[in-house]
Student: 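I'd like to ask some things about the structure below.
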Amino acid sequence: MNTEKFAGRHIGIRQQDLEHMCSVIGVKDLNELIDQTIPDDIRLKNELDLAPALSEHEFLSLIQNLSDKNKVFKSYIGLGYHESLTPSVIKRNILENPGWYTAYTPYQAEIAQGRLEALLNYQTMVCDLTGMPLANASLLDESTAAAEAMTMLFDVRSRQQKKDGVLKFFVSDEILPQTLSLLQTRSKPLGIELVIGNHEEFDFNTIFYGALLQYPGKYGQVFDYADFVNKAQENEIKVAVAADILSLVVLTPPGEWGVDVVVGTTQRFGIPLGYGGPHAAFFATKEDYKRSIPGRIIGVTKDTDGNRALRMALQTREQHIKRDKATSNICTAQVLLAVMAGMYAVYHGPEGLKFIANKVHDNTRRVSQILDNLGFEQLNSSFFDTLKVKVKNASQLKKVAEQRAINFNYIDDNTISISLNEAFSEKDIKPLVSCFIESQHIKGDISFNEDLKLVIPNNLQRRSPFLEQVEFNTYHSETQLMRYIKKLERKDLALNHSMISLGSCTMKLNAASEMLPLSWAKWGNIHPFVPLDQAKGYQIMLQELESQLNVITGFAATSLQPNSGAQGEYAGLMTIRAYHESRGDYDRNICIIPASAHGTNPASAVMAGMQVVVTKTDERGNIDVIDLEEKVNQHSANLAALMVTYPSTHGVFESSIKYITQLIHDNGGQVYMDGANMNAQVGLTNPATIGADVCHLNLHKTFAIPHGGGGPGVGPICVAEQLKPFLPSNPIIKTGGADAITAISGAPWGSALACLISYGYIKMLGAKGVTDATRIAILNANYIKERLNGKYDVLYTGEKGRAAHEMIIDCRPFKDHGIEVTDIAKRLMDYGFHAPTVSFPVAGTMMIEPTESEGLTELDRFCDAMLAIRTEIEEAVVENPNNILKNSPHTLAMITTDDWTFPYSRQKAAFPLPFVADNKFWPSVRRTDEAFGDRNLICTCTPIEAYAEA
């Protein structure tokens, strides 16, 4: 065994396993299986042109050397990004803990109660600080959250406003520049008319449906928006506020003015800067909009025994259900970062947050006092953490400041802003002020007195209490928090316990060597708007990752800006839109999408201003070519794009794919390939070869970024030469093509920190390794298919009877025994497994994707569990629902009760196969009551009064 080859650590199947697995499948070797699975006319003829694979040690040395090329300055740039201090207990026990970062979105609530509680804490924190009654479980970044607010308020316009065609949305000129760019991107396809101006001069009238304000303003001025909000309400104008969450500890929360939405980022709550992300954004709103709010909401319900349980609430709001009727395409959010931010509030509690906020504010007042004493004009009459200062020569100040490793925000030749943060202490005052003294050639004293001027008016000082719940007033020692985090972790089934074979989700290994650099300060502490020469390590890594992805996809260029798969879909469609418009084809707005597509596809198309036309699938699960031809011919003059997933969402390589893509091109359209199933392509075929023009990749699937319980994700787009000019830009740091569309995400390179993981994955596997990973992913899927053959019907296969990297098993016939697919999903928990994907893309089915990281022993355990459950199904009868599947999952409390009333043994319930006892996982609640939770929506922690009453 070569201990220096990373491929042998990432890929679970051993060489000695291959003969047995191929025998079960019925092929002589792996090459024959691949030949039978992927059509020959799309197979790559040459090995990928990637650098030779590195060992883990070599990669860590490389990444250390690259990090040394980054210059970690004291960055007082602000603009929505601030240095923060991650408590070591949170970094060690969450960020660096696979029990947290390898979990999936908590669709199976009974084995996800830990992260559900952590997210409920997060939602409670957001509600309390913003003064709003309802918050979701995170969005992607502040800018996209603001755009979601604009579109949600557009969707909830009154019937009269919709009838009157009210399309105008006011945006304060105090809004962050990256947010404005994103609003411009999102508004144009929907016909929303942005009006940018001074909120103090706004002419209130009914031709506006909404407004967006920044609190504090982009350069630090704290405005009193109460009067604006009152007048807006009188004119039926809904108001959203983008707020700094740390400032809300000391400032009046916007909810107390009666605003409709509050958005922002929780990056200041212990999340590394990471050159722009990933960070968890927040979105808080009124109860009135609970069925319109984007993203996931965690709610309280009860389980079968009536005990308190948590689950994702109101899922019918989401794009998976609403598809082209959805107002948001949000799928992946930022759960891991939201968990960290929520734990930051749990650890510090309300008094700790007050200490931090007051420290930041007092240091800002001290710097203001000193600059005033030195004769500098500070322009903000009221501020929290940011000063706006007039200087004689900003370029000279910049030169001196950079010599002292300090960054300010340079507004123009004579104006700068300084944003202080949690990491700033009194010892940082002297070097900061010295930059002004030296660059502006003045003399003066840097001392200050503690008689600091009050700069926040009484009416803007927070009076309302916050975070009074037990969760925020208990775990303030490291021992307490460590144990609380562990208590929650034990309730969740993640990849560190067993295989998670979720179809279309690619739950592969997130290797420790890929993850380690995320904790390093030279990667974590870089502001996204620093000059490029301060981020040379990042630039080298990001550019090389773009090149790697170009090679893998066969395309000409890549943008890493989209910070989720759904954002990648949207970005790809927006580049197609820009391409058509550049050719004068403004009427090309038809997007054809197969009926089997992921729900984000139609939602993204509508957001991009396209009209969705659905094409059928045939009995084999392929695109119905005859129906497609009819649709293409019908819409030829207006055809913009086809969205296609390849291999298909049904787990099949369609042999007609090249004919399909050529058909679209012959009729003037472009082909967008959804990269959700790229794990079956890498090294064997690619999007360019099948005839696509653009694809998005899920780096959190194919390229090893962990799912984190529902984020972070990274969704870069790779494009053909003709689409390269339209790749997205950023208003502060130049990115994108020559004719770039406006921003897709707030930061220039999206979630740049997370890109280190995929970079490491490709560097350590190399061309042969990434190709072998694909081959083994296909092998593992087909092995499971054959082991389950005869007991479970596989709905779709390729022309030679093979699955790609995943397959769909049909559970609908089991209704004859009174058993639903959900019952099988819950029973798998008793065997120690997370269920495969349930009822997608076909209701009543399971989609199984084992990935290349799983070994033969684990595959056999899963198959043994599924076969045992199949026997249990045969024992069930419709007339008697008191059976082992309907009662699953079985908790420890059930098994240990003195009153056992079930018609089967405790051993069969909890330890149905010998391997289960060796590593038993106990669900912490019984089956959750979905309907009860939706009817009685509670999305925050229990108030302290409830404990007092008890």
Side-chain angles (χ1 to χ4, degrees), residues 37-46 48 549-558 568-569 571-573 575-577 579-580 583 585 588 590-594 596-598 601 604-605 610 613 615 617-618 621-633 635-636 639-697 702 716-724 726-727 774 798-799 804:
T37 304
I38 304 178
D40 183 65
D41 66 336
I42 62 168
R43 290 285 298 276
L44 299 181
K45 307 307 178 190
N46 300 306
L48 295 172
L549 299 179
N550 290 344
V551 168
I552 288 168
T553 60
F555 282 137
T558 293
E569 292 176 16
L573 292 172
T575 61
I576 289 175
R577 177 188 170 99
Y579 165 76
H580 286 312
R583 295 157 55 89
D585 291 335
R588 289 197 173 272
I590 298 295
C591 185
I592 298 177
I593 301 177
S596 62
H598 194 275
N601 284 184
S604 296
M610 296 182 184
V613 172
T615 188
T617 52
D618 63 23
N622 300 324
I623 292 175
D624 186 326
V625 174
I626 295 175
D627 184 62
L628 177 66
E629 289 172 338
E630 291 176 359
K631 299 283 171 57
V632 169
N633 290 332
H635 299 287
S636 179
L639 182 61
L642 168 75
M643 295 186 84
V644 60
T645 303
Y646 200 75
S648 73
T649 313
H650 291 145
V652 175
F653 282 97
E654 300 180 45
S655 59
S656 58
I657 188 63
K658 292 187 80 170
Y659 171 77
I660 288 170
T661 56
Q662 188 59 51
L663 176 67
I664 301 301
H665 291 146
D666 289 345
N667 286 273
Q670 296 282 285
V671 176
Y672 168 92
M673 193 204 84
D674 186 313
N677 291 341
M678 195 68 192
N679 212 49
Q681 283 198 40
V682 178
L684 300 178
T685 184
N686 64 33
T689 298
I690 71 169
D693 301 288
V694 53
C695 75
H696 92 271
L697 301 173
T702 312
I717 55 168
C718 308
V719 298
E721 190 67 41
Q722 76 273 15
L723 298 181
K724 182 178 175 181
F726 310 105
L727 290 176
T774 308
E799 293 177 0

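Just so you know, these numbers use all the heavy atoms, side chains as well, and skip hydrogens, waters and symmetry mates.
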Student: May I have the step-by-step check of side-chain contact (heavy atoms from CB on, under 4.5 Å) for L684 and F653, ending in yes or no?
Tutor: CA-CA 12 Å; L684 300 178; F653 282 97; over 6 Å; no
Student: When you compare the side chain of I590 with that of M610, does any pair of heavy atoms fall below 4.5 Å?
Tutor: no
Student: Do M643 and L573 have side chains that get closer than 4.5 Å, going by heavy atoms?
Tutor: yes
Student: Between T575 and I717, is any pair of side-chain heavy atoms under 4.5 Å apart?
Tutor: yes
Student: State whether the side chain of H580 and the backbone N or O of R588 hold a donor-acceptor pair below 3.5 Å, judged by distance alone.
Tutor: no
Student: Sequence neighbours left out, what pairs pass side chain to side chain donor-acceptor pair (under 3.5 Å) with at least one residue falling in residues 666-680?
Tutor: K508-N679, N601-D674, S636-N667, Q662-D666, Q670-Q722, Y672-H696, N677-H805, N677-E806, N679-E852
Student: Can N622 and S656 be said to form a side-chain contact (heavy atoms from CB on, under 4.5 Å), step by step?
Tutor: CA-CA 9 Å; N622 300 324; S656 58; 5.7 Å; no
Student: Run T645 and H598 through side-chain contact (heavy atoms from CB on, under 4.5 Å) and show every step you take.
Tutor: CA-CA 9 Å; T645 303; H598 194 275; 5.8 Å; no
Student: Could you tell me if the side chain of L697 sits less than 4.5 Å from the side chain of C718, heavy atoms only?
Tutor: yes
Student: Could you state the interatomic distance from CG (L727) to OG1 (T558), rounded to the nearest 0.5 Å?
Tutor: 8.0 Å
Student: Kindly indicate whether the side chain of T615, heavy atoms from C-beta on, has any atom under 4.5 Å from the side chain of P594.
Tutor: yes
Student: Side chains of L48 and V682, heavy atoms from C-beta outward: is any pair under 4.5 Å?
Tutor: yes
Student: Using only atom types and a distance under 3.5 Å, with no angle test, would you say the side chain of S655 pairs donor to acceptor with the backbone of P39?
Tutor: no
Student: Give the minimum heavy-atom separation between N686 and L44, together with the two atoms involved.
Tutor: ND2-CD2, 3.5 Å
Student: Between I552 and T702, does a side-chain contact (heavy atoms from CB on, under 4.5 Å) hold up when you go through it step by step?
Tutor: CA-CA 11 Å; I552 288 168; T702 312; over 6 Å; no
Student: Are E629 and Y659 close enough that some pair of their side-chain heavy atoms sits under 4.5 Å apart?
Tutor: yes
Student: How about K724: does its NZ atom have over 12 heavy atoms from other parts shown lying under 6.0 Å from it?
Tutor: no
Student: Are I576 and D693 packed together at the side-chain level, in the sense that at least one heavy-atom pair is separated by less than 4.5 angstrom?
Tutor: no
Student: Quick check: does any side chain N or O of T685 sit under 3.5 Å from a backbone N or O of Q681, one acting as donor and the other as acceptor?
Tutor: no
